[in-house]
Amino acid sequence: MSDVIGDRLIAAEPTPMRADESLDLAALESLVEADIARGVEGVYIGGSTGEGVLMSAQERAQLAAAASSAAAGRIPVYVHVGAMSTRESIEIADAAAQAGAAAISMIPPLYYKYSTDDVVAHFRAVIDAVDLPFVLYNIPQFTGRDVADGGFESILELPQVVGIKHTSQNLFGAERLMHRHPRLALINGFDELYLAVRALGARAAIGTTVGLQIDLFRSLRARADRGDLLGARVVQTRINDTVEAMVAVGVFAAAKYLGGKYAGELGVCRRPLPGLDAEGRRRLDAAWDRLVENVETTASEDASSAV
Ligand code: MN9
């Protein structure tokens, strides 16, 4: 397993934006600081949660620099560099390398119906352009392409490639990828599947709610590691209560709203991503109260089982 990824719980950070949708880098630095204090073990910047594909290359370079300066070497920063063109991805990857990122990560390219060979060439060009470990980001629901279907072996065998971020409900595919590529870290991408994918042998997780629910993720990991499957399942259900409420109102705007409960105002999403209405905020307020209770309950269960 790759040391670059390990068994880390990695927060997929939202990108704070002001009301005019401009980046709020000071708020990003506060968010990273708050997440480190809460026990997050890495941050993933400019991914799906971070709205990277809605931002310019220059903004994404600023984002990588701000996150790295806030992390200050205490936790690794992973920078998503997927963009519409190979050229733009390389520009962002160069900026990530200059900022001191631990690794870059990338989705297959969007919009045109590229062949598998086209996508392989795109990955290859970015991997060759920078001296950084690479995490392939598999998210079929958005890209229309499932890396588990095959065709990417030449990429997955490159020494620079250290992992696959698997944001897919395809558990068979997750197991096949791990079986075929035991050198790679299979990183769970759907927070609601953390226990299931971990049971298949995966270790690390990158997710929208990892920062928000870090205490629950850490407890689930500890329970699973000591063989307490029922206890781990209870925690997964608590995690999923939050996920369900967030998905119902729009998970990315929800991540900013709930992040604001502990890290200061994170603002709006960039359009065309939707915002929250009053009913959505009310629902999230209730989800937050329940999460706070669930964190307390989980901690007291863990304290009594440790005696
Ligand atoms: O990559 C996130 N996936 C998407 C990670 O953004 C599509 C997840 O963390 C989900 O937001 C979360 C809710 O489905 O699991």
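As the structure is a computational prediction, the values presented were derived from the model and not from experiment. Whatever order the structure lists them in is the order used to number ligands and atoms, beginning at 1. Residues take their numbers from the sequence shown, with the count starting at 1. Computed from heavy atoms alone, side chains included, the values below leave out hydrogens, waters and symmetry copies.
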Who pairs with Tyr257 by ring-ring contact (aromatic ring centres under 6.0 Å, His included), at least two apart in sequence or on another chain?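 So Tyr257 forms no ring-ring contact (aromatic ring centres under 6.0 Å, His included) with any residue.
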For His166, give me all partners under ring-ring contact (aromatic ring centres under 6.0 Å, His included), at least two apart in sequence or on another chain.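 Result, ring-ring contact (aromatic ring centres under 6.0 Å, His included) vs His166: none returned.
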Near ligand 1, at a heavy-atom separation below 4.0 Å: residues by chain and residue number: Ser48, Tyr137, Ile139, Phe142, Lys165, Thr167, Gly189, Phe190, Asp191, Glu192, Gly207, Thr208, Val243, Val247, Val251, Phe252
Mind checking whether His122 and Tyr114 have ring centres under 6.0 Å apart? no
Going hydrophobic residue to hydrophobic residue with side-chain gaps under 4.5 angstrom, can you get from Ile239 over to Val234?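 They do not share one cluster, since no chain of ILVMFWY contacts under 4.5 Å joins Ile239 to Val234.
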Is the Phe217 ring parallel, tilted or perpendicular to the Tyr194 ring (thresholds 30°, 60°)?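 Ring orientation of Phe217 relative to Tyr194: tilted.
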In chain order, what residues pass the salt bridge (charged side-chain N to carboxylate O under 4.0 Å, His left out) check against Arg198, with sequence neighbours excluded?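 Expected list: Asp7, Asp225.
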